[in-house]
Amino acid sequence: MISVTLPDGSVNEYTVGITAGEIIIDIEGRKHDCIAALVDGEEKDFSSELVTDCSIEGISVYSDAGMYILRHSAAHLLAQAITELYPDAKPTIGPPIDRGFYYDFADLEDFGSDELKKVQKKMHELARKNLQIIRIEHTESELSSMFENNPYKLEIIKERIDEGTGSTIYSQGDWFDLCKGPHVHSTAKLMHVRLTSVSSAFWRGDQNRDKLTRIYGLVEPTKDALKATMASIEEAKKRDHRKLGKDLQLFHVDEDVGQGLILWTPRGATIRTCLQNFISEHLTRQGYHQVYTPHIGKLDLYRTSGHFPYYQDSQYPPLVEKEMMSKLAHEGCSCGELSNMMAAGDIEGYMLKPMNCPHHIKIYSSQARSYRDLPLRLAEFGTVYRWEQSGEISGLTRVRGFTQDDAHLFVTEDQIANEVLGCIELVQVIFESLGMTDYRVRVGLRDPDSSKYVGDSDKWDRAEDACRAAASSLGVKWSEEPGEAAFYGPKIDFVVRDVIGREWQLGTVQVDYNLPERFELKYKGSDGEMHRPVMIHRAPFGSMERFCGVLIEHFAGKFPTWLSPTQIHILTISQKQVEYGREILSKLKQEGIRAEIDDGDNTIGKKIRMHRKFHPAYMLILGEEEVANGSVSVRARNGDQRAGVELNQFISELTEEINNKNSTPSLVPSREG
RNA sequence: GCCAACGUAGCACAGCUGGUAGUGCUUCGGAUUUGUAAUCCGACGGUCGGGGGUUCGAGUCCCUCCGUUGGCUCCA
């Protein structure tokens, strides 16, 4: 007999060799929702036999761990279906992910949505067969011969599996896969799967290795849960900023202008202006100085900063001076040679700036600086240009020209900790006042194995420590991520998710010992000696474009009153109220409120329908009654109404709501109380 | 940049296996003067992403370029 500790702390005796699944049934009953077991804190299959004393608890399919197991098993089912339908295809890897699972296949070409349907049908068929999923241990050499036709699996076996210990396979029907598990015990648990998309991937994520076909899917424990997941995905698509940007006329991207180059239309520009004003207020309060610098600079500037050699491939090509070109032409330089010179950087010219720091550095060094000048905080809404890969460009979140709410702080060594803290507090304040609380903080450190970083390790250590210290004092969860540093220094990033689950870096604070060194920056200390300042780069929004994109999705286009492109839409019920409506319009405008009027001859129902799509904070409905007593009828976004509001009263309430930057319009009491 | 899918009026979409384009909304013009999510009638609007090819004939088939979407890779 063995003694097994149960979740409630009690201890039961079982015969040696009893399976984990049998104990779960014993303690949870037949109708439990577990799909695997946690034995001494380790995830195990139901079939796993227990031979020593241990503790056990069930893993519910509704827990995160349970869902991962379910997704992992669904990935196997996908691979089984593919193998049966396309015997030449070679399964490689297929892990569970936060939103479902995927599996990568080699030698599966021309796979489209028709094929996807076929495979999904096959998966349902296999699920219905109720195939038992069995774990079998094998030695390394046995595994090698089992997967002799699959070089990808062989590579994994060779790399990860010791000859002595061997590893396991999981089999279902005739099919089997190399896997550590655990898995659900039967394919019947995988009835509710849905394949969502086909895309591609590289073997081992390496561009130079084989291209694989990746198939994504979703799985849920029940039919209803699957339905709900599909519905929430559909719902999320409606708040995609690319769709809303078009519907609400916020921005436009024109292929004649260029990929990833944003044209801000009046409504979107209004939002951006409001945000810039909002940041500017904070800048003034925190002792920043705003500066302006041009969009281009000499190539040499970026050689000194290191950006030109390091980020060559992701910059617009240099702008070469006319004289230089004709001189080269006279010398008989061919196009090919010219292109080589450009690539090697052996050419004079200008660059569209990929960063604002060099320009700000030159402002710093334009004067002799003393310790009394520090910290010197230079801020600019600076527009930069980067040659992002064409396949990466997307909406407002990944673009080729964008404006950073950038600033560079020149500080003494002992001011670093305090100033970094000030920066991340600013980011936090700004995020919170916009109601964006769902972010994570990432401290990007250098990767010890990589040589891509510049500067000596002593300074890196100090900068990394400063970042860790600042992050811990923030009071939110943060993670250290080696390899995520910038090439010149460590950084603290604020990362958020968009509606389709992709993560984007927004706010960032970076400590930099490197650029001051490269540009030989100095200040005179109180000791009369010359010292080197340290730089801090920071941008609370990151990029105005990306931030606005995320913000559009965050609010689903329904902006708080202070950010709403049009705050008030005035709708007249008939032509009789046109004059009154225009009076109100001009009064609102005088008060600095963004208002529009629709005094056309459509019915009020139609006007509401048409204007709703712009999500103004409020609509004012004007009929005979309002004209008679000089009032307005206020309509909220959800259709709730507040009739007979005296105009001046409304304006003062509205102005207060705007000045307070309330996160939701709330001048109309909700019907639901 | 790589893989796959896609690109028809301002927007959302239809157009079967090749026979020179349709619907709804928007817009505009009339009628109506309307009380909180669809009043009626009429009109305008497209060299079907660009270019090339096959064919008697291409929105439809082929090639190529551009762009979009989903991933991969990259991200100062």
Side-chain angles (χ1 to χ4, degrees), chain A residues 102 104 108-116 196-216 237 240 242-243 246-247 249 252-256 258-260 302 305-308 310-311 313-315 353-358 384 386-395 398 404 406 444 452 484-489 491 493 500 502 504-505 508 510 512 514-515 537 539 542-543 546 571-578 600-613 619-626 633-636 638-641 643:
Chain A
Y102 68 81
D104 287 346
L108 181 65
E109 262 127 57
D110 294 324
F111 195 89
S113 54
D114 290 343
E115 286 76 17
L116 208 61
T196 51
S197 67
V198 187
S199 70
S200 78
F202 299 107
W203 171 235
R204 295 271 164 113
D206 184 342
Q207 275 197 79
N208 303 313
R209 304 197 64 179
D210 293 352
K211 280 185 288 269
L212 309 173
T213 300
R214 173 170 298 182
I215 301 175
Y216 283 89
K237 278 188 195 155
D240 189 314
R242 289 165 298 191
K243 176 170 170 44
K246 199 177 266 181
D247 291 350
Q249 299 166 11
H252 173 67
V253 184
D254 196 293
E255 65 175 285
D256 291 336
Q259 250 193 316
Y302 301 102
S305 73
H307 290 109
F308 180 60
Y310 189 82
Y311 286 108
D313 292 342
S314 46
Q315 287 164 353
K353 67 176 175 188
M355 284 292 272
N356 298 304
C357 15
V384 297
R386 297 177 187 175
W387 187 261
E388 301 288 356
Q389 298 184 66
S390 62
E392 267 306 335
I393 291 169
S394 168
R398 196 72 182 269
Q404 296 176 310
D406 209 359
K452 70 173 184 171
E484 290 296 313
F487 75 95
Y488 51 71
K491 55 180 189 166
D493 289 334
I500 42 181
R502 290 182 290 205
W504 300 101
Q505 178 204 308
T508 179
Q510 309 173 357
D512 179 6
N514 187 251
L515 286 178
H537 310 238
S543 122
R546 178 176 289 180
L571 314 183
T572 58
I573 285 179
S574 80
Q575 294 292 306
K576 290 175 202 147
Q577 298 86 38
V578 171
D601 57 1
N602 283 319
T603 61
I604 190 66
K606 174 151 184 178
K607 285 182 185 175
I608 289 171
R609 197 168 71 243
M610 304 275 298
H611 288 264
R612 247 181 70 93
K613 79 164 188 178
M619 294 188 212
L620 300 185
I621 314 287
L622 307 179
E624 289 187 27
E625 210 175 294
E626 283 73 23
S633 169
V634 187
R635 185 186 199 279
N638 63 359
D640 285 346
Q641 298 157 43

**Prompt:** Which nucleotide, U34(B), G71(B), A76(B), lies nearest any side-chain atom of Asp601(A)?
**Reply:** U34(B)
**Asked** Nearest to the side chain of Ser633(A), which nucleotide is it out of U69(B), G35(B), U68(B)?
**Response** G35(B)
**Complete:** Of the listed U33(B), U68(B), U36(B), the closest approach to the Gln259(A) side chain comes from U68(B)
**Message:** Of the options U34(B), C11(B), G70(B), whose atoms approach the side-chain atoms of Lys246(A) most closely?
**Reply:** C11(B)
**Message:** Does the plane of the ring in Tyr216(A) sit parallel, tilted or perpendicular to the ring in Tyr102(A)? Use 30° and 60° as the thresholds.
**Reply:** tilted
**Asked** Considering only U33(B), U36(B), C66(B), which nucleotide approaches the side chain of Glu255(A) most closely?
**Response** C66(B)
**Item:** Of the listed nucleotides U34(B), U26(B), A76(B), the one nearest the side chain of His307(A)
**Value:** A76(B)
**Message:** Mind checking if Lys491(A) touches a base, just sugar-phosphate, or nothing, with heavy atoms under 4.0 Å?
**Reply:** sugar-phosphate
**Message:** By the 4.0 Å heavy-atom rule, please label Met610(A) as base, sugar-phosphate, or nothing.
**Reply:** sugar-phosphate
**Request:** From the options A38(B), C75(B), U36(B), select the nucleotide whose nearest atom is closest to the side chain of Arg386(A).
**Result:** C75(B)
**Distance-only donor-acceptor check, side chains Tyr488(A) and Gln510(A), under 3.5 Å** = yes
**Prompt:** Which part of the nucleic acid, if any, lies within contact of Gly205(A), taking any heavy atom under 4.0 Å across all strands shown: a base, the sugar-phosphate backbone alone, or nothing?
**Reply:** sugar-phosphate
**Request:** Quick one: label Arg635(A) by what it contacts on the DNA or RNA (base, sugar-phosphate, nothing), any heavy atom closer than 4.0 Å.
**Result:** base
**Fill in**
Winner on side-chain proximity to Ser200(A), out of C3(B), G67(B), U36(B), is C3(B)
**Prompt:** If you measure only the distance, is there a donor-acceptor pair under 3.5 Å linking the side chains of Asp512(A) and His537(A)?
**Reply:** yes
**Carboxylate-amine/guanidinium contact Arg242(A) Asp240(A), below 4.0 Å** = yes
**Prompt:** With sugar-phosphate meaning primed atoms plus P, OP1 and OP2, does Gln510(A) contact a base, only sugar-phosphate, or nothing at under 4.0 Å between heavy atoms?
**Reply:** sugar-phosphate
**Asked** Ignoring hydrogens and angles, are the base of G35(B) and the side chain of Gln641(A) linked by a donor-acceptor pair under 3.5 Å?
**Response** no
**Request:** Check every strand shown and say whether Glu484(A) touches a base, only sugar-phosphate, or nothing at a heavy-atom separation below 4.0 Å.
**Result:** nothing
**Prompt:** What nucleic acid atoms does Tyr216(A) come within less than 4.0 Å of, heavy atoms only: base, sugar-phosphate, or nothing?
**Reply:** sugar-phosphate
**Message:** At 4.0 Å (heavy atoms only), tell me whether Tyr488(A) reaches a base, stays on the sugar-phosphate, or touches nothing.
**Reply:** sugar-phosphate
**Atom-pair distance (CG on Asn602(A); P on U36(B)), nearest Å** = 15 Å
**Item:** Side-chain donor/acceptor of Ser199(A) to base of A5(B), under 3.5 Å
**Value:** no
**Request:** Quick one: label Ile604(A) by what it contacts on the DNA or RNA (base, sugar-phosphate, nothing), any heavy atom closer than 4.0 Å.
**Result:** sugar-phosphate
**Complete:** Of G1(B), G71(B), U34(B), the nucleotide closest to the side chain of Thr603(A) is U34(B)
**Prompt:** Of the nucleotides A38(B), G35(B), A12(B), which one has an atom closest to the side chain of Arg609(A)?
**Reply:** A38(B)
**Request:** Tell me what Arg502(A) touches on the nucleic acid: a base, only sugar-phosphate, or nothing, going by heavy atoms under 4.0 Å.
**Result:** sugar-phosphate
**Request:** Tell me what Ser390(A) touches on the nucleic acid: a base, only sugar-phosphate, or nothing, going by heavy atoms under 4.0 Å.
**Result:** base
**Request:** With heavy atoms under 4.0 Å as the rule, sort Gly623(A) into base, sugar-phosphate or nothing.
**Result:** base
**Prompt:** Parallel, tilted or perpendicular: which describes the rings of Phe487(A) and Tyr310(A), with under 30° parallel and over 60° perpendicular?
**Reply:** parallel
